[in-house]
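Notes to accompany the following structure.
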Number of protein chains: 2
Amino acid sequence: MSSTGTDELLALRLRALAHPARLAILRALAETERCQCGEIVRGLPLAQSTVSQHLKVLKEAGLITGTIEGPRSCYCLDREAFASLARQVGPLLARLSGEGGEPRAACSPGPQEDALV
Amino acid sequence: MSSTGTDELLALRLRALAHPARLAILRALAETERCQCGEIVRGLPLAQSTVSQHLKVLKEAGLITGTIEGPRSCYCLDREAFASLARQVGPLLARLSGEGGEPRAACSPGPQEDALV
DNA sequence: TGATCTCATCGTTGATCGACGATAAACGAT
DNA sequence: ATCGTTTATCGTCGATCAACGATGAGATCA
């Protein structure tokens, strides 16, 4: 497996997560379940336009949904997207962390026998 | 909670993960458990200097360790770092995905079909 | 109608990323 | 001592990011 194409999407979503401001936005959305953009702006030390950009990034990554509702916008988490991401990231991190729990001999024990395929 | 300072480290690590080439490198390290940089280069459509740069990013994020061993280098996963990352990301994604499983009423209450992308 | 509020988008600026070739450093082998 | 191999680093270039202010589009309210 290794999935060449899927990695693009996975990387896109991880990149969307990989910013302190966006993490803060997501946490705010999770806590309040409210969607007002203005409230998020007031909770962060960033300009309104900057927050709007971050929201756009999150929306394009498919992590949140945005709905124009009258003069204001309603943002909220796409729970299913995060569940799907968890199903992808969970096993990946498990595998990278050793998973089964074999000793694994770290990296270089010293006398590196042959190797090579 | 949410700790403003921790988000910096979390974002750093997520950003290190958020690149297809680096995902491929990590998978290669997880599969072969071998550390030769040259082997990784031969397995990717990238120049040696580019791979070296990616390895540097991963190392600076604390996700892998690199040991100079004679003329060659020995890279391998920092299993503990990935375990720690999993302990951080797992609950986060669980929370963002709804966790408890309450209905949560989605976002928009009104009958506005889609609007917006 | 006009004023106001909310938010998205545009345009700009400086910083960082991603890729590459070229080069240098460390070591083993000849 | 001199090669050849392996890897890190440097310098460059184009693309993208992150932040901001300014502007514009909708919708509500006076």
Side-chain angles (χ1 to χ4, degrees), chain A residues 7-8 11-26 28-29 34-61 64-76 107-108 110-117, chain B residues 7-8 11-26 28-29 34-61 64-76 107-108 110 112 114-117:
Chain A
D7 274 359
E8 304 285 344
L12 174 71
R13 289 182 164 173
L14 288 177
R15 205 177 330 126
L17 279 181
H19 193 287
R22 291 195 286 266
L23 286 174
I25 289 174
L26 291 175
L29 285 179
R34 292 305 310 144
C35 313
Q36 288 291 95
C37 168
E39 298 179 8
I40 299 173
V41 172
R42 276 184 285 278
L44 291 177
L46 294 173
Q48 177 265 328
S49 58
T50 303
V51 173
S52 192
Q53 281 280 12
H54 283 306
L55 288 169
K56 185 179 180 182
V57 170
L58 292 171
K59 188 164 64 178
E60 285 178 349
I64 65 175
T65 60
T67 313
I68 296 179
E69 189 175 335
R72 61 197 99 243
S73 291
C74 178
Y75 283 101
C76 71
C107 181
S108 61
Q112 96 246 344
E113 14 219 277
D114 40 351
L116 203 100
V117 198
Chain B
D7 274 0
E8 304 284 344
L12 175 71
R13 290 184 161 171
L14 288 177
R15 206 176 330 127
L17 278 181
H19 193 287
R22 292 196 284 267
L23 286 174
I25 290 175
L26 291 175
L29 286 178
R34 293 305 308 146
C35 314
Q36 288 290 96
C37 168
E39 298 178 8
I40 299 174
V41 171
R42 276 184 287 279
L44 290 177
L46 293 173
Q48 177 266 326
S49 58
T50 304
V51 173
S52 192
Q53 280 281 13
H54 284 306
L55 287 169
K56 185 179 180 182
V57 171
L58 291 171
K59 189 164 61 176
E60 287 179 349
I64 65 176
T65 60
T67 313
I68 296 180
E69 189 176 335
R72 63 195 98 243
S73 291
C74 179
Y75 283 101
C76 71
C107 179
S108 49
Q112 90 279 287
D114 42 21
L116 268 183
V117 179

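Within every chain, numbering begins at 1; the chains are lettered A, B, ... in the order of the sequence lines, protein sequences first and strands thereafter. Everything numeric here is computed off the predicted structure, so don't read it as measured data. Because only heavy atoms are used, hydrogens play no part in the values below, and waters and symmetry mates are left out as well, while side chains stay in.
Here the nucleotide nearest the side chain of B/Ser52, chosen from C/dG21, D/dC10, D/dA8, is D/dA8. Among C/dA19, C/dT9, D/dT9, the nucleotide with an atom closest to any side-chain atom of B/Thr50 is C/dA19. With D/dA8, C/dC7, D/dA19 as the candidates, the nucleotide lying closest to the side chain of B/Tyr75 is D/dA8. Set against D/dA19, C/dA19, C/dG21, the side chain of B/Leu46 has C/dA19 as its closest nucleotide. You'll find that the side chain of B/Cys37 is closest to D/dT7, out of C/dA8, D/dT7, D/dA18.
Rounded to whole angstrom, the span from the NZ atom of A/Lys56 across to the P atom of D/dC20 amounts to 17 Å. Following rounding to the nearest Å, A/Arg22 (CZ) and D/dA18 (C1') show an atom-to-atom distance of 9 Å. Rounding to whole angstrom units, CG of residue B/Leu44 and P of C/dA19 are separated by 10 Å. For A/Leu58 and D/dC17, the CG to P distance is 13 Å, given to the nearest whole Å. When rounded to the nearest whole Å, the span between CD of A/Glu69 and C1' of D/dA25 equals 18 Å. Taking atom CG on B/Leu14 and atom C1' on C/dC17, their separation rounds to 17 Å, with Å as the unit. For the pair B/Ile40 CD1 and D/dT7 P, the computed distance is 9 Å after rounding to whole Å.
Counting non-hydrogen atoms under 4.0 angstrom, A/Leu55 reaches nothing in the nucleic acid. B/Ile68 comes within 4.0 angstrom of nothing in the nucleic acid, heavy atoms only. Contact annotation for B/Ser49: base contact, defined as any heavy-atom pair under 4.0 Å involving a base atom.
Phosphate contact (OP1/OP2 of D/dT7, side-chain N/O of B/Gln53, threshold under 4.0 Å): absent. Considering only side-chain N and O atoms, A/His19 lies under 4.0 angstrom from the phosphate OP1 or OP2 of D/dA19. Distances shown here put every side-chain N or O of B/Arg72 at or beyond 4.0 Å from the OP1 or OP2 atom of D/dA8. A close approach under 4.0 Å does occur between a side-chain nitrogen or oxygen of A/His54 and OP1 or OP2 of D/dA19.
Minimum heavy-atom separation, A/Ala11 to B/Ala18: O-CB, 3.6 Å. Of all heavy-atom pairs between B/Lys59 and B/Gly66, the closest is CD-N, 3.8 Å.
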Can you list the steps and then say if A/Leu55 with A/Cys37 is a side-chain contact (heavy atoms from CB on, under 4.5 Å)?
-> CA-CA 9 Å; A/Leu55 288 169; A/Cys37 168; 3.9 Å; yes
Passes side-chain contact (heavy atoms from CB on, under 4.5 Å), A/Thr50 versus A/His54? Steps please.
-> CA-CA 6 Å; A/Thr50 303; A/His54 283 306; 3.9 Å; yes
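Remark: the A/Gln48 side chain and the C/dA8 base include a donor-acceptor N/O pair separated by less than 3.5 Å.
When side chains are defined from C-beta on, A/Ile64 does not count as touching A/Ile25, because their heavy atoms never get closer than 4.5 Å. The side-chain heavy atoms of A/Leu29 and A/Ile40, taken from C-beta on, include a pair separated by under 4.5 Å.
Taking for each of A/Pro45 and A/Arg15 the nucleotide of DNA chain D with the nearest heavy atom, the 5'-most of the two is the partner of A/Arg15.
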